Novice: 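First the structure, which I've put down as structure tokens, then a few questions once you've had a look.
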Amino acid sequence: MENFVIYNPVKVHFGKDVVSKLGKAATPLGKKALLVYGKGSVKRNGAYDQTVAALREGGVEIVEFDGIKSNPVIEDVDKAAALGRSENVDMVVAVGGGSVIDSAKYIAISIPVDHSGWEFAIGDKKPSEALPLIAVLTLAATGTEMNAVAVVQSDKEKKKVGNGHPLMFPKHSFLDPSFTRSVPENYTAYGVVDLVAHALEGWFGDGDATLTDKFILSIIREAMEYGPALMKDPENYQLRAKIMFAATMALNGLTAQGKKSGDWGTHGIGHAMSVLWDIPHGASLSIAFPAWMKLQKERIPERLIKLGEGLFGISDADETIRRLEEFFASLNSPLKISDMDAPTGPAAKEELLEVMRINKVSGFCHELSEEDHRVLVDSMM
Ligand code: NZQ
Ligand code: ZN
């Protein structure tokens with residue numbers, strides 16, 4: 001087992017109507033909040049109204065920045081930070097999915113400085129200060145609500161990067177599963193895929209951490225049991241709650257302790273697809289993970305066999321991959337790039353390879369060569 005530190009200071013408020021407590025949490029943190037959200041879903045599902053009411057009740061003034069897009073871009077982070085600076089806000093409140101909360105993490109560390117948030121994202125600069133951040137989550141998927149990582153892209157540089165720092169932990173995260181009832185069918189499925197992918201990235205990380213492996217299997221089993229049920233019954237609060245809790249646990253440190261790190265090669269492949277063709281994050285992963293496992297099958301057979309034993313009671317790597325594909329397909333999440341609104345054919349292949357090269361796509365535990373990239377792209381097209 002590798003050495004590790006457990007540090008997770010996020011206060012998570014989980015359940016029905018928890019946002020009514022947000023004002024009390026916000027009052028000691030500041031007087032004027034930059035309220036960040038996306039393209040309008042939060043105004044239709046009650047999350048916006050409840051958050052604004054709670055902030056007003058807590059005596060907090062509000063400045064709004066909306067329009068954060070899915071697969072968020074650094075230009076919006078910088079615009080929001082500039083607004084926050086000019087309005088002298090002293091707190092950031094994010095209402096939305098991973099794209100909004102990730103943007104808000106960079107906004108909260110960018111307001112105190114005079115350079116682009118991109119320098120933090122690519123690791124050229126480290127934050128030394130952050131405005132306190134409160135997150136109201138409306139989509140179960142990324143785990144950003146309980147971690148210190150944020151992912152953002154630069155279309156100009158064709159890069160999508162994730163970076164993290166302890167200053168990027170939200171102070172409070174409010175998780176009311178009721179808000180996720182309005183998530184459309186496709187994003188509900190992508191969220192389940194994403195949480196399973198986070199658990200799998202942990203599984204394929206190096207290190208002898210058997211208890212962590214058991215946590216990982218439990219999280220995947222939960223998603224396999226309740227994800228398909230949720231697809232059939234999307235208004236069901238209990239199912240929404242189970243998936244939301246599983247997504248939070250899949251990327252808050254629990255699936256990495258005692259390992260060198262997770263692998264994260266598959267996420268790199270997915271990010272290349274997202275920056276190039278704006279493919280939703282979870283969809284990119286149901287395409288990339290089977291391709292990655294097929295590539296690694298001869299290199300790490302014992303990991304795949306153990307996964308199959310843990311999930312399906314079978315000792316066959318090929319059959320394990322097939323069953324995971326079957327699971328993703330049962331959610332209607334894509335298995336090939338051609339299932340999405342994206343170009344295919346030789347030119348598209350070369351374009352994707354170029355973006356993978358620019359992003360230096362590889363894993364922390366299992367390196368990917370340029371030849372591997374070709375095999376992966378062939379298998380995903
Ligand atoms: O923009 P709005 O109108 O809010 O619509 C969003 C968006 O179109 C909509 N939505 C969100 N909540 C909703 C809802 N629609 C109806 N009802 C609701 N309750 O859903 C769409 C997708 O939202 P988005 O935030 O993009 O999805 P997700 O939560 O999957 O976040 C994806 C981003 O997170 C990053 C991904 O790379 C991607 O950029 N990730 C962040 C991680 C982290 N910080 O730890 C780890 C992950 O691996 C991931 O990379
Ligand atoms: Zn992910």
Side-chain angles (χ1 to χ4, degrees), residues 69-74 98-99 121-122 141 151-162 186-187 189-190 193-194 196-198 200-201 204 262-301 304 317-318 320-381:
K69 75 175 274 295
S70 188
N71 290 327
V73 292
I74 195 64
S99 295
I122 57 175
V151 186
V152 71
Q153 71 189 42
S154 160
D155 292 338
K156 205 169 63 199
E157 294 197 23
K158 293 195 179 155
K159 280 188 183 170
K160 179 161 183 168
V161 293
N186 57 351
Y187 275 102
Y190 303 156
V193 173
D194 194 21
V196 168
H198 296 159
L200 288 173
E201 295 282 19
F204 291 113
D263 183 62
W264 299 103
T266 305
H267 268 66
I269 304 164
H271 289 174
M273 275 183 255
S274 293
V275 78
L276 187 56
W277 297 314
D278 211 14
I279 293 185
H281 177 63
S284 76
L285 297 171
S286 57
I287 297 169
F289 237 120
W292 184 91
M293 287 188 287
K294 285 172 195 167
L295 173 77
Q296 302 294 351
K297 192 177 67 179
E298 311 294 336
R299 300 174 186 170
I300 45 169
L304 268 159
D318 287 309
T320 299
I321 298 171
R322 199 193 64 73
R323 292 214 193 172
L324 280 167
E325 281 184 315
E326 195 175 75
F327 171 63
F328 295 149
S330 76
L331 301 170
N332 269 331
S333 201
L335 296 177
K336 297 285 173 194
I337 292 171
S338 54
D339 296 334
M340 298 304 288
D341 183 19
T344 49
K349 232 180 229 183
E350 291 308 316
E351 239 186 325
L352 180 53
L353 284 168
E354 174 64 3
V355 173
M356 287 170 77
R357 197 187 54 73
I358 292 171
N359 283 275
K360 299 192 176 71
V361 170
S362 192
F364 291 123
C365 302
H366 308 290
E367 277 182 26
L368 298 172
S369 66
E370 291 202 5
E371 183 44 38
D372 290 338
H373 287 181
R374 272 196 186 276
V375 174
L376 288 162
V377 171
D378 281 338
S379 150
M380 295 188 300
M381 280 282 176

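Throughout, numbering of the chain's residues begins at 1 and tracks the sequence. Hydrogens, waters and symmetry mates play no part in the numbers below; they use all other heavy atoms, side chains included. It should be emphasised that the depicted structure is a prediction, and the values quoted were computed from it without experimental measurement.
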Novice: Just verifying a value: how many Å separate Lys159 NZ and Ile358 CD1, rounded to the nearest 0.5 Å?
Specialist: 8.0 Å
Novice: How close do Met381 and Ala348 get, counting heavy atoms only, and between which atoms?
Specialist: CE-C, 3.9 Å
Novice: Mark yes when over 12 heavy atoms from residues, nucleotides or ligands other than Lys158 sit less than 6.0 Å from its NZ; otherwise mark no.
Specialist: no
Novice: Does Lys160 offer a backbone N or O that forms a donor-acceptor pair with the side chain of Asn359 under 3.5 Å?
Specialist: yes
Novice: Checking side chain to side chain contact (heavy atoms under 4.5 Å, CB included) for the pair Phe289/Glu201: CA distance, chi angles, key distance, verdict?
Specialist: CA-CA 9 Å; Phe289 237 120; Glu201 295 282 19; 4.1 Å; yes
Novice: To check you understand the geometry: which heavy-atom pair defines the closest contact between Ala197 and Leu285, and what is its length?
Specialist: CB-CD1, 3.7 Å
Novice: Please round to the nearest 0.5 Å and tell me the distance separating atom CD1 of Ile269 and atom CE of Met273.
Specialist: 7.0 Å
Novice: What are the two closest non-hydrogen atoms of Gly270 and Ser284, and how far apart are they?
Specialist: CA-OG, 3.2 Å
Novice: Side-chain contact, heavy-atom cut-off 4.5 Å: Val377 with Met356?
Specialist: yes
Novice: Assess the pair His366 and Trp264: is the distance between their ring centroids shorter than 6.0 Å?
Specialist: no
Novice: Under 4.0 Å between a Lys/Arg side-chain N and an Asp/Glu carboxylate O for Glu325 and Arg322?
Specialist: no
Novice: In Å and rounded to the nearest 0.5 Å, what is the NZ to NZ distance from Lys294 to Lys297?
Specialist: 8.5 Å
Novice: Looking only at non-hydrogen atoms, find the nearest pair between Phe204 and Asp263 and report the distance.
Specialist: O-CB, 3.8 Å
Novice: Can you find a pair of side-chain heavy atoms, one from Asp155 and one from Val275, that are under 4.5 Å apart?
Specialist: yes
Novice: Can you tell me how far apart CD (Glu370) and CG (Leu353) are? Round to the nearest 0.5 Å.
Specialist: 8.5 Å
Novice: Output yes when a side-chain donor or acceptor of Asp194 lies under 3.5 Å from a complementary backbone atom of His281, and no otherwise.
Specialist: no
Novice: Which pair of non-hydrogen atoms, one from Ser362 and one from Leu368, has the smallest distance, and what is that distance?
Specialist: OG-N, 2.9 Å
Novice: Checking the side chain of Asp378 only, and the main-chain atoms of Val375 only, is there a donor and an acceptor separated by less than 3.5 Å?
Specialist: no
Novice: Treating His271 as the side-chain partner and Val361 as the backbone partner, does any N or O pair qualify as donor plus acceptor under 3.5 Å?
Specialist: no
Novice: To the nearest 0.5 Å, what is the distance between CG (Leu276) and CG (Leu352)?
Specialist: 6.0 Å
Novice: Identify the heavy atoms of Val193 and Leu331 that sit nearest to each other, and give their distance.
Specialist: CG2-CD1, 4.0 Å
Novice: Using the side-chain contact (heavy atoms from CB on, under 4.5 Å) rule, pick out the option among Pro334, Ser333, Ser379 that qualifies with Ile287.
Specialist: Pro334
Novice: Is it true that Glu350 and Arg374 make a salt bridge, defined as a side-chain N closer than 4.0 Å to a carboxylate O?
Specialist: yes
Novice: Can you tell me if Ser99 uses its side chain to pair, donor with acceptor, with the backbone of Asn71 under 3.5 Å?
Specialist: yes
Novice: Rounded to the nearest 0.5 Å, what's the gap from NZ on Lys69 to CG on Asp278? Could you check?
Specialist: 3.5 Å
